[in-house]
2 protein chains.
Amino acid sequence: MRRTKLDKIDRKILRDLQANGRITNVELAKNAGISAPPCLRRVRALEEAGFIRGYHADLDEEQLGYGVTVFAFVGLESQAESDLVEFEKRVGRWPLVRECHMLQGETDFLLKVVARDLDSYNRFLTNELTAAPNVSHVRSAIGIRTSKRDVGVPIDPERPDEDLD
Amino acid sequence: MRRTKLDKIDRKILRDLQANGRITNVELAKNAGISAPPCLRRVRALEEAGFIRGYHADLDEEQLGYGVTVFAFVGLESQAESDLVEFEKRVGRWPLVRECHMLQGETDFLLKVVARDLDSYNRFLTNELTAAPNVSHVRSAIGIRTSKRDVGVPIDPERPDEDLD
DNA sequence: CTTGAAAAATGGCCCGA
DNA sequence: TCGGGCCATTTTTCAAG
């Protein structure tokens, strides 16, 4: 947990790696204006410090047969912390659920679910999600299309910490 | 756009690249049980065919100063296709909005928004989102914590196309 | 930062089902 | 003919000076 402040070069590195996770270190270094070895050291340090959680190929769900994305809002009967964790553990074992966010307010969780088609989703919904212990109600919002799919956070290497909006 | 069916090796490659976007080609090849050159050819073909959209570093929003994730449900006044596209274009210009999904039903869009803090989000909400043309109403669901953050889709190299759900 | 050795990426070519 | 393996060259990685 090194909380050293990021400088402009670090932010450029992070931005480039976020935009292209397979960029070579030499190209990364060139863009950052330094030579390769110190650039690699910075990347390792950023990984070590937890700024970089990992690297992933971004796959086309549709082409892989997952034509349906559904956002499921789940309310629980009991919101005791142990029950919340219990539910989160169960969610972790469902491959179709890709993300699980706990929310403020009435609905407790937002799940992002992928499925091959609506039938497949409905089977998951009735057999797994609704059937799970402590689940009170589920509202499903079916995704029609996705127009923006940016990963992570906006990074402007030139603007350290102030924010316009 | 060759829609050749993926074989077991292709699925293994996709799974590995999704789990570790910076795996070396030789390691990828070893895992897939083939030698490096044909493995690289397969990767290039998968990229070319659109199965792989890209590669991205997965950054820690919190450590980068974006402590707040909000899901904003946006309803529009007019849902004429040209107005939907208009809104999507506007959304594309807001760096804080990372994802934009069009939904079935009453609320038209789900936006995933990151912000430095709630004040920052509220400024975005009032000055940008609510102020945008054609926006009828916005409901904000504040994220408390994220327990699952898997990327993409589940891939089981052994199981081609049937699905248990 | 620079150097240099080890590893990886990648194009060419041949081979077998 | 379509992939896969082997080989050689180039490029990158990464430890040491």
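Values in this document were obtained by computation on a predicted structure and should not be read as measured data. In the text below, chain A, chain B and the rest are named by the order of the sequence lines, each starting its count at 1.
- Remark: P of C/dA8 and CG of B/N20 are 14 Å apart, rounded to the nearest angstrom.
- Rounded to whole Å, atom P of C/dT10 lies 12 Å from atom CG of B/L28.
- Although no hydrogens or angles enter the test, the distance criterion places a donor-acceptor pair under 3.5 Å between the side chain of A/D10 and the main chain of A/D7.
- If A/I34 and A/R22 are placed on DNA chain C by their nearest nucleotide, the residue sitting closer to the 5' end is A/I34.
- At whole-Å resolution of the value, CD in A/E27 and C1' in C/dA8 are 16 Å apart.
- Phosphate contact (OP1/OP2 of C/dA9, side-chain N/O of B/R44, threshold under 4.0 Å): absent.
- Within the 4.5 Å cutoff, the side chain of A/L125 has heavy atoms near those of the A/S140 side chain.
- Side-chain contact between A/V113 and A/F124 is present, with at least one heavy-atom pair separated by less than 4.5 Å.
- In the interface, the side chain of B/R41 is paired with the base of D/dG4 through a donor and an acceptor atom under 3.5 Å apart.
- The CG atom of B/L40 sits 16 Å away from the P atom of D/dC6 (whole-angstrom rounding).
- Summarising the geometry, the separation between NZ on B/K30 and C1' on D/dG5 is reported as 17 Å, rounded to the nearest angstrom.
- A/S35 has a side-chain polar atom (N or O) that falls below the 4.0 Å cut-off from OP1 or OP2 of C/dC1.
- Distance from the side chain of B/P37 is smallest for C/dT10 among the nucleotides C/dT10, C/dA8, D/dT12.
- The closest side-chain heavy-atom distance from B/E47 to B/Y55 is below 4.5 Å.
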